[in-house]
Amino acid sequence: MTIHEVPQKRLTTPFYPRLTELDRLNNWHSWKGYTSTDALYDPELEYFAIRNSTGVFDLSPMTKYRITGPDSLDYINRLVTRDMNKIKPGRVAYAVWCNDQGQIIDDGTIFHLREGEYRLCSQERHLPWLVSAAIGFDVSIVEETAEVAGLAVQGPTSFSILRTLGLSGIEELKPFGLTHFDFEGSELMVSRTGFTGDLGYELWIEPAKALALWDALFEAGKLYGITAIGTHALEMARIEAGYIAAVTDFLPAELTVRSGRSRSPFELGLDWLVDFKKPTFNGRRALAEEKRRGSNWRLVKLDIDGNKPANHSYIYTKKNGKRIQAGFTTSAMWSPVCKQNIAIGTVNTPYGNVGDTMQVEIYYQREMLWTRVMADAVVVDKPFWDPARRRATPPGNY
Amino acid sequence: MKTYDAIVVGAGHNGLANAAFLAKAGLDVLCLEKNPYIGGAAVSLNLYEDWIYSNCSYVCSLLRPEIYRSLDLARHGLQVTPYGGGMTFMENGDYLGAYWDSETRYKEYSRFSKHDADAYERYSADTMRQCRFIRDFMMRTPPDPTSFKPRDLMELMAIGKKFYEMGEDRMYDTVRFWTQSVAEYLDEYFETDVIKTALSGSGIIGTALGIHSPGTAYVLLHHYMGEVDGNVGAWGFARGGMGAVSQAIANSFQSYGGEIRTNAGVEQILVKNGKVTGVALTSGEEISARVVVSNMDVKRTFMKCMDEKDLPEDFLHRVKNFKIRGSSGKLNIALDGLPTFPALPKGSPLLDGDMHFIDSMERMELAFDDWKEGTWSKDPYVDMLIPTITDPTMAPPGKHFMSCFVQYCPEKIEGRAWTNEERDAFGKTVIDQIAKYSPDFKDLILHVEIRTPQDIENEAGLTEGNIFHGELTMDQLLFNRPVPGYAQYRGPVKGMYMCGSSTHPGGGVMAAPGANAAREILSDLKRQNTVPENFGDD
Ligand SMILES: Cc1cc2nc3c(=O)[nH]c(=O)nc-3n(C[C@H](O)[C@H](O)[C@H](O)COP(=O)(O)OP(=O)(O)OC[C@H]3O[C@@H](n4cnc5c(N)ncnc54)[C@H](O)[C@@H]3O)c2cc1C
C-alpha cells in the first residue's frame, strides 16, 4: 500500500538549479508554493541590470491556464471587461475580470497563441471561477502552471541578447506581440511583454528544455550584461513603470471579507479596459451603474517631495482649508533612475485629480529615532519611467 | 441570616464567568454547584490512575479573548495551546490531511481535485464574511425587535447597518446561509466527496440534525467563530484539560472575593411576591439573595427548579417546547502508548489534530438516520483527538489520553433508558471504527469512560445531554434565544436571570453568555459595568 504525503517543502521551478548556482545570499520566499528568490547577490545592482543591461527573472510560478475550443474567444470576451475581438492571434492583452458586482477578481495577461488558443496568466488561482463562467461555452480550461516554464528577459540589451540567441525575426516583434520559435526541437514562445516598463521579453518553454534555454540565453548574453535577478529588483521596476500588483495595490474581490475593500476597474484607473460596446460581460451592469453614479475610490500615482519613501502612508488633502484624510499609499519607493520619490496609492473620490497637490505622512527611522514629515505629493498620470526604447520597433541594440 | 447580592446556580464556566464579573463590580456573590467539582461541561477529572480526562468538552477556541483578558485568566493559570493537523481516514486506505499552511493545503486538496484546492480560498473568505457578521454580536445583548427602547432600536440598527454594508449580493448570501444545510453550502464550492465530508463535520457536531438539514450551515459557522490568539477558526488545548478554563475563571472569581460551594445542589429558586428571594438547597438549607442567576439550561431552570405558578404560562409553554435534543456521546480513553495509523507516514504531524473516520457524505447522512431511528450511529462521525501529544500534563510520559466525541448518540434508546449492555455496545462501535485504521489501538486501551447523553445529563446536568444547552437553529438564536421576549438574560421573575448556554450566543466554552448576563444585571443594579466590549474588526 502506498502511503501518501504531500511535501510541505516549497516546490522548485525548472530553473532552480541555475538560480542556486548563482545565489550568494540565500534569500528565498514562497511564491504560490514555489521557491522564489528575493535577490541573488544584491537587489539594488540587480535592479540596475534591468535598467542598464538585462535582468532575467524566473516567472514560472505564475498561474497559467490554457483556454481552447471553438467558443474560446466568446468565452474570454464574456469573462474580461475589454474587447478581445481586437486581440488577434500573435497578440497579448492585459485584462481584468470582474464579478457580477463589477469588482475586480484579478488582472492578468491573455496570450492569443493561435487561432482559438489562449493562455491566461495571473497572480491568483481561479480554476473554479473560470470553470463556472464557462457554462454554456464549448471550451476547455486546463491549469498548466507546472507545464510551462517562464523567464522574463528585461532591459535595454534584451533585444540584442535574443538576436544573438538566434531568434531571427525578433526585431519585428512589436510590444504586446508574441511569436513562436523552435528551440532544440521544442516550441519556444516569445512575447514582448513584461512588468518593468522597459524594453523586454518573456520566454515560455516546456520544463524539460528550461535549463538548456537558460544556458543558451546566458551564453548569448555574456557580452550584454545579462544578470539573473530576484523579486526585489523586479518590484522596484514595476513601481517605476506604474503597474499595479494584485494583493499589493488591490485585493482580489472574492478574497475580501470586509465590505468596500475590493475595487472596480474604474477605481484602479483602468477605464480603458472596460468596453461597454460589448453587449455582455461579467460585471457589465454594475460597471455601467458605477459609470453613471461615480466611483468611491481612485488610484493615484504620486510624485512626492523629498527623498523619504512613503511606505504605508496616509494621503491627505485640503478641504475648506482643513486637512482631511483622503487615502493611503500601497506601493512606494525612491526611484534610482528617475531620482524621484514615487508612490502608488488609493484615495477617495473626488480627490486626487491629475495635477492636484496632496500631502503624504511619512515616518522614517534614523538610528532608532522615528521622524514624521508631511510632504507635498503631486498626482501624475504618466508612468514614472517610460523610455522611448520600450516601444521602438525594431528595438535598438542597447 | 446573610443575604447575598447574588447567587449563581451552577459552577459551569458560564456561571463562574458571570459570578466573576459581578464580584469584580463589588457584589457579594455566591456560586452554588451540585457536583463535588466545578466546571460543568468544561471539566477535567481524574478517573483512572494518573490520567486526567477532559470529560465533556475537549478543545478550546470559542472562549472570548476579551473575557480571557479582562478576568486575567492567564495570571489565574490558563494556557491555551493551538494545534495543527487532523485528517479524515478513507476506506480505500488513503486519507485527507488538514494543514494550516495554505500552500500545503493546496497541494493536499490537489491530490483529489485542483478545482477544490482553488475553491478553498473562496470558501474560506465567504465563510469568514458570514462569521464576521455575527462575531461582533457575541459580546452584545440581542435587541428585542418588538421593543421601542432606544437601546433596542440602536442595536437593531447596528445589525441592520452591518447587514446593509455587506452589499446586495452578499445580503442574499447571508439570508440563504442562515437557513441552508451544510451539504448545500459545501456543494457550492467543492466537488470531492471526502473534502466535503471533512468540512461538513463542524455543521453537525452537537446537533440533532443531519448534513442535509436546513440550519446546519450556521452550526458550521458557530465552530469557526472562535480563535486562538487572533487566528480565527483555530482550535487549541487548554493545558491540563478543559477544566483548566473553569478553574482559572473560578480563581479569578475568588480573587474578587467570590465564594464557591460544591455539593450544594439547588432544589428550588425561591420567589415571593413576584420577586426572587434566594434558593433552597437539596439539603433543605435556604440562602437568601437579591439576585439569582441560573447557569442551568432553561428547561432545567424553569421546569425543575422553579414553581410553575411563579411563571407566565406563555413563557412556560415556550420553555417546554425549547429544542434541546441530545445527539452526542463521548468516549474518554487512557492509552498505554501512542496508537499507530498505517495510512499515515511515520511521525506525521497530522496526528496533533482531530481525526475522523467517515469519508463520504452518504455515510454522514446514514449516521444521522440511525439517530432518527432512536439508536446510536453504527458508523458514527467521531471527532477524535489525542491531547497528550501536545499537553504533557494529562497522562504519564509516553502514555496518552484519547478523547472521542461521537455524533450521533440519542438520549434514549427507542424511547427508553439506556441499559449498561447498550452503553458498552455503543463504546464498542466507536472503538471498532478506530481500530479499523489502527491495528494496535485496542491493545493499548487501559481504561474507557463511555458517556451517553443520558450520562451527560445525569452528571453535568445538561438536559437530554445537549451540548449547547439547546439547538443552534435560527428559531433559537439571537433574540429568539432561549425564547422570544426573554433574550436579554432577564427571567420572567424580578431579580431572576439566566447566564448559561441556553442564552445568546449559545453553547460552547466561550463564556460570552455568562459575561453578557453580568452586564445586564449590573445595569439593572446601577453598578459600574465590568464586562468588556468586543475587540472589534477581527
Ligand atoms: C460531550 C461534550 C463535548 C463538548 N465539546 C466541546 C468542545 O470541545 N469545545 C467547546 O467549546 N464546547 C464543547 N462542548 C460544549 C460546552 O462544553 C458547553 O456548551 C459549555 O461547557 C456549557 O457551559 P455552561 O456554563 O453554559 O453550562 P454547564 O457547563 O452545563 O454548567 C452548568 C452547571 O450547573 C450545575 N448544575 C445543574 N443543576 C444544578 C443545580 N440544581 N444546582 C446546582 N448546580 C447545578 C451543573 O452541574 C454544571 O456545573 C461540549 C459539550 C459536551 C457535553
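Owing to the predicted nature of the structure, the values given are computational and were not obtained by experimental measurement. Letters A, B, ... mirror the listed sequences (proteins, then strands); counts begin at 1.
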J.: Is it true that, when you exclude A:Glu117 itself, more than 12 heavy atoms of the residues, nucleotides or ligands shown sit nearer than 6.0 Å to its CD?
T.: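 Enclosed: over 12 neighbouring heavy atoms sit under 6.0 Å from CD of A:Glu117.
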
J.: Are there over 12 heavy-atom neighbours, none belonging to A:Tyr314, within less than 6.0 Å of that residue's OH?
T.: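 Incorrect, the count does not exceed 12.
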
J.: So which atom in A:Leu127 and which in B:Asp118 form the shortest heavy-atom distance, rounded to 0.1 Å?
T.: N-OD2, 2.6 Å

J.: Using every non-hydrogen atom in the two residues, find where A:Pro128 and B:Ala119 come nearest and quote the distance to one decimal.
T.: CG-N, 3.5 Å

J.: Under 4.5 Å heavy-atom distance to chain B, tell me which part of A:Ser132 shows up: side chain, backbone, both or neither.
T.: neither

J.: Out of curiosity, B:Lys346 NZ to A:Glu5 CD, how far, rounded to the nearest 0.5 Å?
T.: 12.5 Å

J.: Can you tell me how far the CD1 atom of A:Ile3 sits from the OH atom of B:Tyr95, to the nearest 0.5 Å?
T.: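 The CD1 atom of A:Ile3 sits 8.5 Å away from the OH atom of B:Tyr95.
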
J.: Roughly how far apart are A:Glu254 CD and B:Asp126 CG, rounded to 0.5 Å?
T.: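 A:Glu254 CD to B:Asp126 CG: 7.0 Å, rounded to 0.5 Å.
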
J.: Atom NE2 of residue position A:His312 - does it have more than 12 heavy atoms of other residues, nucleotides or ligands inside 6.0 Å?
T.: no

J.: Would B:Arg122 and A:Trp129 count as a side-chain contact (heavy atoms from CB on, under 4.5 Å) here? Give the steps.
T.: CA-CA 10 Å; B:Arg122 204 170 141 220; A:Trp129 178 264; 4.3 Å; yes

J.: Out of A:Arg10, A:Glu124, A:Lys32, return the one with the most heavy atom pairs under 4.5 angstrom to chain B.
T.: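 Most heavy-atom pairs within the cutoff with chain B belong to A:Lys32.
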
J.: For chain A, find its close neighbours in residues 157-174 of chain B: heavy-atom separation under 4.5 Å, sorted by number, or none.
T.: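 The stretch touches chain A at B:Glu165, B:Met166, B:Asp169, B:Arg170.
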
J.: Between B:Leu350 and chain A, with a heavy-atom cut-off of 4.5 Å, which part of the residue counts as in contact: side chain, backbone, both or neither?
T.: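 Neither part, no heavy atoms under 4.5 Å.
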
J.: Is A:Ala286 close to chain B through its backbone or its side chain, or both, or neither, when contacts mean heavy atoms under 4.5 Å?
T.: neither

J.: Work out which heavy atom in B:Arg132 is nearest to a heavy atom in A:Val257; give both atom names and the distance.
T.: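 In terms of heavy atoms, the two residues are closest at CD-CG2, 3.7 Å.
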
J.: Does the side chain of A:His4 reach to within under 4.5 Å of the side chain of B:Pro345, using non-hydrogen atoms?
T.: no

J.: So which part of B:Tyr99 gets closer than 4.5 Å to some heavy atom of chain A, the side chain, the backbone, both or neither?
T.: side chain

J.: How far does NE2 of B:His115 sit from CD1 of A:Ile141, to the nearest 0.5 angstrom?
T.: 10.5 Å

J.: Taking only heavy atoms into account, what residues of residues 105-113 of chain B are found under 4.5 Å from chain A?
T.: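 At a heavy-atom separation under 4.5 Å, chain A is reached by B:Tyr106, B:Lys107, B:Glu108, B:Arg111.
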
J.: Pick from A:His126, A:Gln101, A:Arg258, A:Glu143: which one has the most heavy-atom pairs with chain B under 4.5 Å?
T.: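 Heavy-atom pairs under 4.5 Å are most numerous for A:Arg258.
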
J.: Considering non-hydrogen atoms only, spot the tightest contact between A:Gln8 and B:Thr104 and give its length.
T.: CG-CG2, 3.3 Å

